[in-house]
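Everything on this sheet refers to the single structure shown next.
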Amino acid sequence: MGKVTIDTIGKYDNQDVTVCGWLTHKRSSGRIRFLVLRDGTGTIQATCIKGETDNQVLDLYQELTQESSLAVTGTVHRDKRAPGGYEILVSSIEVLQIAETYPIAPKEHGVGFLMDHRHLWLRSSRQHAILRVRHAVINAARNFFDDQGFTLLDAPILTPSSCEGTTTLFEIDYFGDKKAFLSQSGQLYMEAGAMAFGKVYCFGPTFRAEKSKTRRHLTEFWMIEPEIAFADLETVMKLAEGLVVAIIEEVLQTRKEELHQLGRDLTRLEQVRPPFPVVSYDEAVQIVQDAGESMPWGEDFGGAHETIVSNHFDKPVLIHRYPAETKAFYMKNDPDRPEVALCVDMLAPEGYGEIIGGGQREDDPALLGQKIEKAELPAEDFAWYLDVRRYGSVPHAGFGLGIERTVGWICGLEHVRESIPFPRLLDRLYP
RNA sequence: UCCCCAGUAGCUCAGUUGGCAGAGCAGGUGGCUGUUAACCACCGGGGCCGCGGUUCGAGUCCGUGCUGGGGAGCCA
């Protein structure tokens, strides 16, 4: 039998196999020695016994350091005493490299130290579990759209101007005479795409140069943004609910072990079934005020306010029709109540904040032109965006889901920085 | 940008009213007949983030700068 991965080890009971991996730690007692091996699919203990195992192997045990890379060959043996139920009785070890003293010891470390060693921290079981959940979240989201006839239409990352005109952007030099900006949303491009393909989505990184120092912010994060032609606010509210339900189902189905390892309370996630509560901005303000907070109508919710509203429900909550003043220029106003926009945010439970923001877009070219002017955006940069309304404009709507906040919520993380392999934060660009 | 907290060994921290710097983990050595972040014993290792003060004497007090963490605003 040749090379096998640890996740499949149960299929090879009493057979000889080779496992390639890294030494997470070792321990010994009298005549027995254990090597705990990790290969990315799991961990297993490799056992050496004095008098039974080759002396060369026993000598080698002494030299092996944490994270040394090895190919261990031996017989798979079912044993109740072994974590995971199986161990390998070692017959030979091929050392690829004896690792230098590994900085991350099997003990508690501070966040700053771990972030400086993010490239190594990824090897720990906790980070492994989180990033496996992240994969499942992304996979579920893509499948959700693919299965419903959406076309993947990725948006550019280098853009000529602000997409929304609100947040601070990263500016870069573009061949000397021009400036480019890192995209803060693919949405405007998806609107053009929806007029070409009907239903589209993009999935990519977005960038915000805001100097935010909170557990909910990254300067680089990933969004999945669907956009649909001939659609209204109600349509995308249903779509947003369906997406989140599909993500939770997929994670509960394929990543239970990881969630368990993270100590996540699964009952909180199992509650996430449709229908989600839907409240208007007006009702949400009432909830905040009933909780004793002073919040005038017309303002956006602060972090504390969001938590009050989300704690009011045990599922994600959809809040629609915010005051138009607080929202981006491209939002369509409610024809019945022009002071509010046809928009929706979804707040995750347990205080994890806004994971989705979207709504129906302004489809009238004249009104959109006025809004661009009012927002003091450079008209020439938005000429193409107006074109989308000049040639067969239709009602359309969409939203964006923030991957890291979603992963943070599902995993029950303290901070979104653990929900992305290499987080970019204010004052943190390394590694 | 503002507010709060911290900066002592490779790592996590302790350090009394200012009085020759300490523990655990990691590393090294030895022991232990199956361990579960094994355990036990011993060993090496820092002069306390930088600068400037107060003092006979400063990790300990004061000022300032830098770095990190948390939060606000803004947002996904």
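Residue numbers start from 1 in every chain, and the chains themselves are labelled A, B, ... in the order their sequence lines are given, proteins ahead of strands.
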Task: First encountered from the 5' end of RNA chain B, between A:G302 and A:M346 - done: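 Closer to the 5' end of RNA chain B: A:G302.
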If you check the [X] side chain, which of [options] turns out closest?
| X | options | result |
| --- | --- | --- |
| A:H25 | B:rA38, B:rU33, B:rC75 | B:rA38 |
| A:K211 | B:rC11, B:rU1, B:rC75 | B:rU1 |
| A:T214 | B:rG73, B:rC75, B:rG34 | B:rG73 |
| A:S29 | B:rU35, B:rA76, B:rA26 | B:rU35 |
| A:S28 | B:rC32, B:rG69, B:rA76 | B:rC32 |
| A:F113 | B:rU36, B:rG34, B:rC11 | B:rC11 |
| A:K213 | B:rG34, B:rA72, B:rA76 | B:rA72 |
| A:R31 | B:rU33, B:rA38, B:rG34 | B:rU33 |
| A:R405 | B:rC75, B:rG34, B:rG69 | B:rC75 |

Please report, rounded to the nearest Å, how far the [atom2] atom of [N] is from the [atom1] atom of [X].
| X | N | atom1 | atom2 | result |
| --- | --- | --- | --- | --- |
| A:R33 | B:rU36 | CZ | C1' | 18 Å |
| A:L425 | B:rG68 | CG | P | 11 Å |
| A:L169 | B:rC74 | CG | C1' | 13 Å |
| A:F301 | B:rA76 | CZ | C1' | 16 Å |
| A:Y322 | B:rA76 | OH | C1' | 12 Å |
| A:R27 | B:rC25 | CZ | C1' | 17 Å |
| A:R208 | B:rG73 | CZ | C1' | 15 Å |
| A:L426 | B:rA72 | CG | P | 14 Å |

Open item on the list: Anti or syn, where syn is a glycosidic angle within 90° of 0; which label fits B:rG70?
Closed with: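 Anti, which is what one calls it when the glycosidic angle falls more than 90° from 0.
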TODO: Mind telling me if B:rG68 is syn or anti? Syn here is a glycosidic angle within 90° of 0.
DONE: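 Anti, since the glycosidic angle lies more than 90° from 0.
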Open item on the list: We want to know whether A:Y86 and A:Q45 form a side-chain donor-acceptor pair, criterion being a heavy-atom distance below 3.5 angstrom.
Closed with: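 A:Y86 vs A:Q45: no donor-acceptor pair found between side chains.
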Open item on the list: Just by distance, no angles: are the side chains of A:K327 and A:N333 close enough, under 3.5 Å, to form a donor-acceptor pair?
Closed with: no
For [X], report the nucleic acid contact type (base, sugar-phosphate, nothing); a contact means any heavy atom under 4.0 Å.
| X | value |
| --- | --- |
| A:T101 | sugar-phosphate |
| A:E299 | nothing |
| A:F221 | base |
| A:L218 | base |
| A:I49 | base |
| A:H117 | nothing |
| A:R428 | sugar-phosphate |
| A:P83 | base |
| A:D300 | sugar-phosphate |
| A:K50 | nothing |

Open item on the list: For A:F203 and A:W222, take the angle between the two ring planes, folded into 0 to 90°, and tell me which bin it lands in: parallel under 30, tilted 30 to 60, perpendicular over 60.
Closed with: tilted
TODO: Measure up the A:Y322 and A:F301 rings against each other and bin them: parallel (under 30°), tilted (30 to 60°), perpendicular (over 60°).
DONE: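 Rings of A:Y322 and A:F301: perpendicular, over 60°.
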In Watson-Crick or G-U wobble terms, both distances under 3.5 Å, what is the partner of [N]?
| N | result |
| --- | --- |
| B:rA72 | B:rU1 |
| B:rG34 | none |
| B:rC61 | B:rG53 |
| B:rG47 | none |
| B:rU67 | B:rA6 |

[N] base to [X] side chain: any donor-acceptor pair below 3.5 Å?
| X | N | answer |
| --- | --- | --- |
| A:Q45 | B:rU35 | yes |
| A:H109 | B:rC11 | no |
| A:S212 | B:rC75 | no |
| A:Q66 | B:rG27 | no |
| A:R216 | B:rC74 | no |

- [ ] Run the salt-bridge test on A:R321 and A:D345 with the 4.0 Å N-O cut-off and return the result as yes or no.
- [x] no
- [ ] Run through A:F197, A:Y201, A:Y385, A:W384 and flag the one making a ring pair (Phe, Tyr, Trp, His ring centres under 6.0 Å) with A:Y189.
- [x]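 Going through A:F197, A:Y201, A:Y385, A:W384 one by one, the ring pair (Phe, Tyr, Trp, His ring centres under 6.0 Å) with A:Y189 is satisfied by A:W384 alone.
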Please measure how far the [atom1] atom in [N] lies from the corresponding atom in [M], and state the result in whole Å.
| N | M | atom1 | value |
| --- | --- | --- | --- |
| B:rU64 | B:rC25 | P | 41 Å |
| B:rC40 | B:rC3 | P | 48 Å |
| B:rC39 | B:rU35 | C1' | 10 Å |
| B:rU8 | B:rG59 | C1' | 6 Å |
| B:rG69 | B:rC56 | C1' | 39 Å |
| B:rA14 | B:rU1 | P | 30 Å |
| B:rG27 | B:rG57 | P | 43 Å |
| B:rA26 | B:rG44 | C1' | 13 Å |

TODO: Taking atom CD of A:Q148 as the centre, report whether more than 12 heavy atoms of other residues, nucleotides or ligands fall under 6.0 Å from it.
DONE: yes
Open item on the list: Within the supplied structure, the quantity of interest is the number of heavy atoms (other residues, nucleotides, ligands) at a distance under 6.0 Å from A:E234 CD; does it exceed 12?
Closed with: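 Correct, the count exceeds 12.
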- [ ] Scan A:E418, A:E250, A:E404 and name whichever one has a salt bridge (Lys or Arg N to Asp or Glu O under 4.0 Å) with A:R134.
- [x]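 Filter result, single survivor: A:E404.
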Open item on the list: Tell me whether A:K26 forms a cation-pi arrangement with A:Y61, defined as NZ or CZ under 6.0 Å from the six-membered ring centre and within 45 degrees of its axis.
Closed with: yes
